[in-house]
**Student:** 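Let me begin by handing over the structure; questions about it come next.
What you see is a predicted model, and the numbers here were worked out from it, not measured in a lab. So you know, we letter chains A, B, ... as the sequences are listed, proteins then strands, and number each from 1. Worth knowing before you read on, the calculation uses all heavy atoms, side chains too, and leaves out hydrogens, waters and symmetry mates.
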Number of protein chains: 2
Amino acid sequence: MNNLAYYNGTYMPKSEVKISPDDRGFLFGDGVYEVIICYHGLPFYFEEHLKRLEYSLKEARINFYRSHEILDIISVLLRMNGLDNSDSTAYIQITRGVCERKHHFPDNTVTPTVYITVNPFYLNPSYITDGIKTATIQDVRWNRCDIKSVNLLANVLAQQEAFDKGANEGIFVKNGIITEGTHTSVFGIRKGVVFTHPAGNQILPSITRLIIFDLCIKLNIPIFEIPIKIEEISTFDELFLAGTTREITPVVQLDEYIIGKGTPGPITQILYNAFQNLVNEKKLLFI
Amino acid sequence: MNNLAYYNGTYMPKSEVKISPDDRGFLFGDGVYEVIICYHGLPFYFEEHLKRLEYSLKEARINFYRSHEILDIISVLLRMNGLDNSDSTAYIQITRGVCERKHHFPDNTVTPTVYITVNPFYLNPSYITDGIKTATIQDVRWNRCDIKSVNLLANVLAQQEAFDKGANEGIFVKNGIITEGTHTSVFGIRKGVVFTHPAGNQILPSITRLIIFDLCIKLNIPIFEIPIKIEEISTFDELFLAGTTREITPVVQLDEYIIGKGTPGPITQILYNAFQNLVNEKKLLFI
């Protein structure tokens with residue numbers, strides 16, 4: 001079945017979406033995006049994703065005033081694509097619009113390009129049961145990683161480098177400190193305490209990270225925004241990645257170093273189960 | 001007249017070029033580009049631009065084996081667009097191709113997207129005669145500025161910030177040091193000596209920068225790859241920007257600081273004239 005997408009006000013087969021070569025998304029990566037998971041047809045933590053999208057738009061200075069329409073568009077796309085009763089992801093990309101190439105912003109007559117699609121979601125269950133291998137990658141990204149922009153060449157190169165090393169994901173290291181994964185947040189656990197990089201312009205404010213903070217508080221698991229030094233990695237008992245399409249994925253290896261016993265650790269599993277309970281609670285509301 | 005462009009093997013009106021929303025250029029800014037000036041229909045320093053393009057492709061790990069075709073494509077486009085006897089710029093963008101969204105590289109069946117256009121070149125003569133105002137902008141870009149990629153959001157935001165400050169271009173400052181302009185190289189002159197940021201991963205290896213080194217040697221003007229500290233800016237007598245579409249543009253103001261006498265300086269003018277002689281020599285070959 002041809003995937004039906006939303007493009008600038010119209011629902012159409014994705015194959016018919018025609019991006020202009022003058023779209024600033026194509027010429028400059030001048031756009032922002034979001035990926036929202038829809039469990040059983042319900043966008044999960046939608047308000048938080050919308051808030052983050054609006055933050056990215058504000059920081060990238062893209063004037064887009066129709067973000068209130070996004071939820072309805074996703075709902076329509078899920079229905080049109082027969083995904084309203086299963087798990088899927090919604091992808092939303094907003095660029096500064098179409099204009100003859102020049103670095104500075106176009107005038108006010110240029111309206112942003114809006115492109116939204118939905119796709120079936122699948123997470124390999126062995127990643128959760130067995131954990132994954134990761135590889136450290138030098139973090140050469142810009143200093144505004146808090147903006148979820150489509151300037152993702154560094155992430156692309158890092159993810160490929162990780163794959164080339166036989167790892168499932170790359171973990172960025174900057175000045176000896178773990179910042180985040182190539183498309184996830186990174187958490188370490190030492191003596192029952194959870195550590196992760198502080199929010200700020202070096203990492204993306206992950207929605208799953210937010211959920212993990214809530215879960216830790218609820219479960220009485222101490223959690224601190226203290227960065228993990230790569231030289232201290234051997235002192236950590238557990239490591240996991242968190243993100244919209246990763247959920248909570250245990251890490252059992254970083255480069256040559258085996259984390260803990262080389263199997264998913266107990267606190268990671270507690271958090272994973274609590275996360276799944278949260279997902280199931282939300283699903284139940286709609287069954 | 002509708003601009004005729006080259007897109008993936010075909011010459012067509014630019015308005016008919018249809019970029020897929022799955023193009024990695026659109027989704028990730030996963031592509032590189034070049035801008036080549038064609039004086040009197042002749043691509044200027046074409047081999048150097050081609051070499052830089054191939055460097056960018058190599059560093060971005062994009063497998064593109066048809067760069068030897070680019071000169072012919074530009075020649076055809078210049079003729080088709082009636083620009084073969086005037087000054088124009090050729091824009092070349094190569095992305096990693098079209099593939100369902102995932103961070104790591106697509107398989108080998110995916111071929112790069114190639115998009116090339118030509119456009120009339122115009123440089124406001126008052127910029128050369130009067131000089132321009134510039135503004136310092138914090139350099140938050142990634143640490144691979146030597147790759148001419150389309151991940152240009154930082155440059156877009158910087159150029160707009162400069163415009164908002166009433167300046168014509170932004171000058172990036174990182175850790176108190178001038179790296180380069182938002183789309184140019186920066187040169188300062190103190191007591192007859194030319195200074196510019198060393199090559200490396202903090203700046204783009206500008207072709208005009210290369211030409212300036214050659215001209216300085218020819219003209220016995222000392223030139224050093226020594227970075228300019230922003231706190232020492234008052235000790236500089238002249239400042240200029242260099243780039244393909246800027247040629248050699250004098251800077252008469254940086255933020256509130258007036259450079260030299262507030263008019264284009266003598267060494268900048270000597271270099272500008274030498275540059276124009278070089279352009280005219282190349283033009284003469286084809287008249």
**Student:** In Å and rounded to the nearest 0.5 Å, what is the CD1 to CG distance from B/Ile147 to B/Leu57?
**Tutor:**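 Answer for the CD1-CG pair, B/Ile147 versus B/Leu57, is 10.0 Å.
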**Student:** Between A/Gly31, A/Ala5, A/Gly170, A/Ala154, which residue shows the highest count of heavy-atom pairs closer than 4.5 Å to chain B?
**Tutor:**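 Winner by heavy-atom pair count: A/Ala154.
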**Student:** Sequence neighbours left out, what passes side-chain contact (heavy atoms from CB on, under 4.5 Å) with B/Pro43? Give chain and number order.
**Tutor:**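 So B/Pro43 forms a side-chain contact (heavy atoms from CB on, under 4.5 Å) with B/Ile36, B/Cys38, B/Phe46, B/Leu71, B/Ile74.
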**Student:** CD1 of B/Ile128 to CD1 of B/Ile248: how many Å apart, nearest 0.5 Å?
**Tutor:**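 If I round to the nearest 0.5 Å, the distance is 8.5 Å.
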**Student:** What residues form a ring pair (Phe, Tyr, Trp, His ring centres under 6.0 Å) with A/Phe26, not counting sequence neighbours?
**Tutor:**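 None.
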**Student:** May I have a table of the donor-acceptor pairs connecting chain A and chain B at distances under 3.5 Å?
**Tutor:**
| from | atom 1 | to | atom 2 | distance (Å) |
| --- | --- | --- | --- | --- |
| A/Lys14 | NZ | B/Asp22 | OD1 | 3.3 |
| A/Lys14 | NZ | B/Asp22 | OD2 | 2.8 |
| A/Ser15 | O | B/Lys18 | NZ | 2.7 |
| A/Lys18 | NZ | B/Ser15 | O | 2.7 |
| A/Ile19 | N | B/Ile19 | O | 2.9 |
| A/Ile19 | O | B/Ile19 | N | 2.9 |
| A/Asp22 | OD1 | B/Lys14 | NZ | 3.3 |
| A/Asp22 | OD2 | B/Lys14 | NZ | 2.8 |
| A/Phe26 | O | B/Gln93 | NE2 | 2.8 |
| A/Phe28 | O | B/Leu152 | N | 3.0 |
| A/Gly29 | N | B/Val150 | O | 3.4 |
| A/Arg61 | NH1 | B/Asp164 | OD2 | 3.0 |
| A/Arg61 | NH2 | B/Asp164 | OD2 | 2.6 |
| A/Gln93 | NE2 | B/Phe26 | O | 2.9 |
| A/Phe105 | N | B/Gln160 | OE1 | 2.8 |
| A/Val140 | O | B/Asn143 | N | 2.9 |
| A/Asn143 | N | B/Val140 | O | 2.9 |
| A/Val150 | O | B/Gly29 | N | 3.4 |
| A/Asn151 | OD1 | B/Leu152 | N | 3.2 |
| A/Asn151 | OD1 | B/Leu153 | N | 3.0 |
| A/Leu152 | N | B/Phe28 | O | 3.0 |
| A/Leu152 | N | B/Asn151 | OD1 | 3.2 |
| A/Leu153 | N | B/Asn151 | OD1 | 3.1 |
| A/Gln160 | OE1 | B/Phe105 | N | 2.8 |
| A/Asp164 | OD2 | B/Arg61 | NH1 | 3.0 |
| A/Asp164 | OD2 | B/Arg61 | NH2 | 2.6 |

**Student:** Looking at A/Gly25, A/Pro21, A/Gly29, A/Ala162, which has the largest count of heavy-atom pairs under 4.5 Å with chain B?
**Tutor:**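 That would be A/Pro21.
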**Student:** Where on B/Phe105 is there a heavy atom nearer than 4.5 Å to chain A: the side chain, the backbone, both, or neither?
**Tutor:**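 For B/Phe105, backbone and side chain are both near chain A.
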**Student:** Is any side-chain heavy atom of A/Leu53 closer than 4.5 Å to one of A/Ile70?
**Tutor:**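 Answer yes - side chains close enough.
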**Student:** Mind checking whether B/Ile230 and B/Ile177 have side chains closer than 4.5 Å, heavy atoms only?
**Tutor:**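 Side-chain contact under 4.5 Å: no.
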**Student:** At what distance, to the nearest 0.5 angstrom, does CD1 of B/Ile92 lie from CD1 of B/Ile73?
**Tutor:**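 So the CD1 of B/Ile92 and the CD1 of B/Ile73 are separated by 8.5 Å.
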